[in-house]
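Everything on this sheet refers to the single structure shown next.
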Number of protein chains: 2
Amino acid sequence: MSIIFSKKCEYGLQAVLYLSSTTTQPVVSAEEIAKTLYIPKEFVSKILQELTTSGIVASKKGKNGGFTLNKALSEIRLIDIVAAIDGFDIFNKCVMGFPNCSSESPCPVHGRWSVLSKETYTMLSEETLEDFLAKTKHKIQSIQK
Amino acid sequence: MSIIFSKKCEYGLQAVLYLSSTTTQPVVSAEEIAKTLYIPKEFVSKILQELTTSGIVASKKGKNGGFTLNKALSEIRLIDIVAAIDGFDIFNKCVMGFPNCSSESPCPVHGRWSVLSKETYTMLSEETLEDFLAKTKHKIQSIQK
DNA sequence: GACATATCGGATAAATGATTCTGATTAATA
DNA sequence: TATTAATCAGAATCATTTATCCGATATGTC
Ligand code: SF4
Ligand code: SF4
């Protein structure tokens, strides 16, 4: 099972990070992404279609087609991908799933959890793919081995 | 969709917190728990059976039967319930689901995520049901209205 | 002892999420 | 223009999680 993101979202994040590391190529085929990241090809293709709809990714049909990022690296944050795939539920709903939740009737972990929730949001929104580039390339290379 | 715990685990946590707030009663029936927390009766009953196996809860069969905690409040932590139901996967696996993960090939959020993961663990393990009691009672009452 | 009421335990059903398949469309190239 | 390689779009399948059902068993009460 996945931790906080759906598998779809995990794969989406991975694929977008991969695209950010391959800016020398005009487009990257779904097959290449699938093989490098060990994701089912059809699945990653479907996810990138969705991200195309939300404007983060662009696709090129036909021979030598594939996917590429549709914005500058400095304009894409991880939270944008999460928003497009899983939405913001994880930041609104709450850990223990109690009914009728509000800050007037907090459960025992309310205070601590809301801090962690905010910090998670920050982690995903403070930096852009550009800031991550060096780390991303290193990570991708260590997978390819 | 739930955030980090499975629904089973969310319900388990809620039910145990409820039991911790009803220590005046010798046992509490699955039906009472289900009604107060808006959980399907058969489901909460099944979950409490599992927690009985792991020794956190005790059950009493027959007429006027039900469930009760099997340890002192000071000896039960939320992490114990999580461990019994969902296990420790959320603390070992990682957010983005990359293959071949290790601290030698960290993804861009590795550093920040491991801090948040540790803090979540702390949140669930530092205090016991006894420490929570006042807050728990208040929370339960606000649901019952 | 008979009866009512509860959990137990296993089987089953429904719902959701993940994955695959298929046919159509698009575009480069020879 | 014919061929080939790729995405697109949506249906179909598979797996897992969530929820329900039911017969068996235990226990308190009359
Ligand atoms: S009280 Fe707050 S932290 Fe607790 S379950 Fe509700 S919303 Fe979540
Ligand atoms: S590098 Fe670390 S934080 Fe990133 S996906 Fe792997 S284990 Fe998780």
Side-chain angles (χ1 to χ4, degrees), chain A residues 1-15 19 25-35 37-70 82 85-87 89-90 93 97 99, chain B residues 1-15 19 25-35 37-70 82 85-87 89-90 93 97 99:
Chain A
M1 217 206 341
S2 40
I3 312 191
I4 52 176
F5 306 129
S6 68
K7 208 137 213 183
K8 209 170 170 180
C9 191
E10 285 185 359
Y11 288 160
L13 289 165
Q14 290 177 30
L19 287 177
Q25 298 178 57
V27 294
V28 180
S29 75
E31 185 164 20
E32 178 181 333
I33 301 173
K35 279 197 176 148
L37 301 172
Y38 302 95
I39 304 176
K41 180 191 150 192
E42 311 288 345
F43 200 17
V44 80
S45 157
K46 177 155 281 302
I47 294 166
L48 288 172
Q49 277 171 41
E50 286 189 33
L51 290 177
T52 302
T53 310
S54 43
I56 297 168
V57 166
S59 74
K60 195 185 164 214
K61 279 191 177 182
K63 189 169 181 185
N64 301 325
F67 297 94
T68 188
L69 295 180
N70 194 34
V82 174
I85 299 178
D86 275 356
D89 276 8
I90 33 168
K93 288 173 124 191
Chain B
M1 216 211 338
S2 39
I3 312 191
I4 52 175
F5 304 128
S6 69
K7 207 136 215 182
K8 208 169 169 183
C9 191
E10 285 185 0
Y11 289 159
L13 289 165
Q14 291 177 30
L19 287 178
Q25 298 177 58
V27 294
V28 181
S29 75
E31 185 163 22
E32 178 181 332
I33 302 174
K35 278 196 176 147
L37 300 173
Y38 302 96
I39 302 176
K41 180 191 150 193
E42 311 287 348
F43 201 15
V44 79
S45 158
K46 179 154 280 301
I47 294 166
L48 288 173
Q49 276 171 42
E50 287 189 31
L51 291 176
T52 302
T53 311
S54 42
I56 298 168
V57 167
S59 74
K60 195 186 165 211
K61 281 191 178 182
K63 190 170 182 186
N64 302 324
F67 296 93
T68 187
L69 296 180
N70 194 35
V82 173
I85 299 178
D86 276 355
D89 275 9
I90 31 167
K93 288 172 126 192

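Basis for what follows: all heavy atoms, side chains included, without hydrogens, waters or symmetry-related copies. We name chains A, B, ... by the order of the sequence lines, and we start the count at 1 in each one.
Considering only side-chain atoms of A:Lys61, the nucleotide from C:dA18, D:dT7, C:dC8 that sits closest is D:dT7. Side-chain proximity of B:Asn64 to the nucleotides D:dT7, D:dT29, C:dT19 is greatest for D:dT29. The listed nucleotides are D:dT20, C:dT22, C:dT25; the one nearest the side chain of A:Glu42 is C:dT22. Of the candidate nucleotides C:dA18, D:dG28, C:dT7, C:dT7 has the atom nearest to the side chain of B:Ser29.
Atom CZ of B:Phe43 is separated from atom P of C:dG9 by 17 Å (rounded to the nearest Å). Separating the CD atom of B:Gln49 from the P atom of D:dA19 is a distance of 16 Å, rounded to the nearest angstrom. Summarising the geometry, the separation between CG on A:Leu19 and P on D:dT7 is reported as 12 Å, rounded to the nearest angstrom. Atom-to-atom, CZ of A:Phe67 to C1' of D:dA6 comes out at 9 Å; the value is rounded to the nearest Å. Atom-to-atom, CD of A:Glu50 to C1' of C:dG17 comes out at 13 Å; the value is rounded to the nearest Å. Atom CD1 in B:Ile47 sits about 14 Å away from atom P in C:dT7, given to the nearest Å. Distance B:Lys63 NZ to C:dC8 P: 18 Å, rounded to the nearest Å. Rounded to an integer number of Å, the gap from CD of B:Glu31 to P of C:dA6 is 7 Å.
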- Taking it one step at a time, do B:Lys46 and B:Glu42 satisfy salt bridge (Lys or Arg N to Asp or Glu O under 4.0 Å)? CA-CA 6 Å; B:Lys46 179 154 280 301; B:Glu42 311 287 348; over 6 Å; no

- Message: Applying side-chain contact (heavy atoms from CB on, under 4.5 Å) to A:Phe67 and A:Thr52, what does each step give before you reach the verdict?
- Response: CA-CA 9 Å; A:Phe67 297 94; A:Thr52 302; 4.1 Å; yes

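The phosphate of C:dA18 (OP1 or OP2) has no side-chain N or O of A:Tyr11 nearer than 4.0 angstrom.
Within 4.0 Å of A:Gly65, counting heavy atoms only, lie sugar-phosphate atoms of the nucleic acid but no base atom.
The nearest pair of heavy atoms linking A:Ser45 to A:Ala30 is CB-CB, 4.0 Å.
Side-chain atoms of A:Ser6 and A:Lys8, non-hydrogen and from C-beta on, do get closer than 4.5 Å to each other. When side chains are defined from C-beta on, A:Leu19 counts as touching A:Val57, because their heavy atoms get closer than 4.5 Å. Within the 4.5 Å cutoff, the side chain of B:Asn64 has no heavy atoms near those of the B:Val27 side chain.
For A:Glu50 (side chain) and A:Ile85 (main-chain N/O), no donor-acceptor pair under 3.5 Å exists by modelled atom type.
Nucleotides of DNA chain C nearest to A:Lys60 and A:Pro40 differ in position, and the one nearer the 5' end is that of A:Pro40. Mapping A:Lys46 and A:Lys41 onto DNA chain D by nearest heavy atom places A:Lys41 at the nucleotide closer to the 5' end.
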- Item | Dot-bracket pairing map - DNA chain D, Watson-Crick plus G-U, both contacts under 3.5 Å, | cross-strand | ||||||||||||||||||||||||||||||

